[in-house]
Amino acid sequence: MTELVNKRVTMNRALTEYMLAQAEPPISSQQWLIDATAALGASAEMQIPHEQAVLLSFLADIANAVTIVEVGTFTGYSTLALALGLKAGGVVHTYDISSEWSGIASKAWADAGVADRIKRYTGPALDGLAALPAGQFVDMAFIDADKAGYVDYWNELVPRIRSGGLILADNVLYSGEVVSAAPSHNALAIVEFNAHVRADDRVESVLLPISDGLTIARKK
Ligand SMILES: C[S@@+](CC[C@H](N)C(=O)[O-])C[C@H]1O[C@@H](n2cnc3c(N)ncnc32)[C@H](O)[C@@H]1O
């Protein structure tokens with residue numbers, strides 16, 4: 001246990017600010033989207049933080065992603081990050097059960113010049129994923145919606161990911177509740193999801209302690 005503590009930095013506010021200062025700063029359309037989402041109030045906490053957006057753009061670029069599938073659009077910050085990392089001619093297909101925030105998302109995507117790279121679908125994501133064609137045509141997927149649905153989203157997505165493609169899942173530490181003695185319903189769903197990923201020999205994966213925890217899995 002001593003080794004665990006010594007080799008890993010426990011983040012505090014000063015370290016978090018320092019870490020953030022090392023990331024590429026938000027472009028103007030991203031900053032507008034951060035501000036517009038913050039103005040919504042409490043629901044703004046659903047937006048991924050900027051350093052995670054930088055990582056998503058980076059991974060999409062490294063994966064040479066042409067087809068990306070996202071589960072959980074909200075106001076479109078992660079969608080924008082994924083679209084910025086796409087290869088020319090690529091598309092992000094993004095699913096959300098609600099259209100409440102689509103106006104904000106559309107404005108940010110248009111301002112960033114990536115609106116033509118994004119296809120947005122409204123409705124339960126599981127129905128949308130199940131309707132996707134069979135075959136390994138997805139280069140990258142990002143799961144960030146209802147926690148109880150994660151295992152089902154994973155099961156729909158893995159067969160559609162190409163060999164070497166990536167599946168990412170957000171909130172996999174669930175504010176630390178994954179190790180709680182009395183986890184909430186959502187935290188239990190995440191514990192089940194993490195075990196599901198760990199046992200899936202179609203992928204290799206790593207859980208990163210960035211933001212609320214991000215799993216990165218690569219299809220073998
Ligand atoms: C955490 S937010 C996504 C945040 C977004 N990735 C971002 O960075 O701004 C989760 C989203 O999942 C959506 N959602 C919840 N249940 C869903 C379902 N069954 N199908 C599709 N979307 C769902 C919610 O409406 C919400 O917008």
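Every number for a ligand or one of its atoms is a count from 1 in the order of the listing. We count residues from 1, following the sequence as given.
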Quick check: does [X] get an N/O under 3.5 Å from an N/O on ligand 1?
X	result
Thr75	no
Ile48	yes
Asp96	yes
Pro124	no
Asp144	yes

> For ligand 1, does Asp170 get within less than 4.0 Å through its side chain, its backbone, both, or neither, judged by non-hydrogen atoms?
Replying inline: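 Contact part for Asp170 vs ligand 1: neither.
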
> Which residue supplies the protein heavy atom nearest to atom 15 (C) of ligand 1, what is that atom called, and how far is it?
Replying inline: Asp146 N, 3.9 Å

>> To check your reading of the model: name the closest protein heavy atom to atom 20 (N) of ligand 1, its residue, and the distance in Å.
In response: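 Answer, as residue, atom name and distance: Ala125 N, 2.9 Å.
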
> Which word best sums up how the rings of Trp154 and Phe193 line up, parallel for under 30°, tilted for 30 to 60°, or perpendicular for over 60°?
Replying inline: perpendicular

> Taking the six-membered ring for Trp, are Trp101 and Phe74 parallel (under 30°), tilted (30 to 60°) or perpendicular (over 60°)?
Replying inline: perpendicular

> Considering only heavy atoms, which of Leu33, Ile97, Leu56 lies nearest to atom 22 (N) of ligand 1?
Replying inline: Ile97

> Of the listed options (Ala145, Ser78, Ser98), which comes nearest to atom 6 (N) of ligand 1 when hydrogens are ignored and any heavy atom counts?
Replying inline: Ser78

> Would you say Leu59 and Phe142 make side-chain contact, with heavy atoms under 4.5 Å?
Replying inline: no

>> Between Leu33 and Gln47, is there a side-chain heavy-atom distance shorter than 4.5 Å?
In response: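 The answer is yes, as the side chains (C-beta and beyond) meet within the 4.5 Å cut-off.
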
> Is Glu24 atom CD crowded by more than 12 heavy atoms from other residues, nucleotides or ligands, each under 6.0 Å away?
Replying inline: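 Not buried by this count: 12 neighbours or fewer within 6.0 Å.
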
>> Quick check on Arg198: does its CZ atom have over 12 non-hydrogen neighbours (other residues, nucleotides or ligands) under 6.0 Å away?
In response: no

Contact check, [X] vs ligand 1, heavy-atom distance below 4.0 Å:
X	value
Gly123	yes
Gly149	no
Tyr121	no

> Hey, is the main chain of Glu204 close enough, under 3.5 Å, to the side chain of Lys220 for a donor-acceptor pair?
Replying inline: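 No.
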
> Is the side chain of Ser180 donor-acceptor paired with the backbone N or O of Gly176 at a distance under 3.5 Å, no angle test?
Replying inline: no

Atoms in ligand 1 flagged as close to [X], the criterion being non-hydrogen separation under 4.0 Å:
X	answer
Trp101	25 (O), 27 (O)
Gly72	3 (C), 5 (C), 6 (N), 11 (C), 12 (O)
Tyr153	18 (C), 19 (N), 20 (N)

>> How close do Asp146 and Tyr153 get, counting heavy atoms only, and between which atoms?
In response: OD1-OH, 2.5 Å

>> Looking at Lys119 and Asp116, is there a salt bridge between them, counting it only when a charged N and a carboxylate O are closer than 4.0 Å?
In response: no

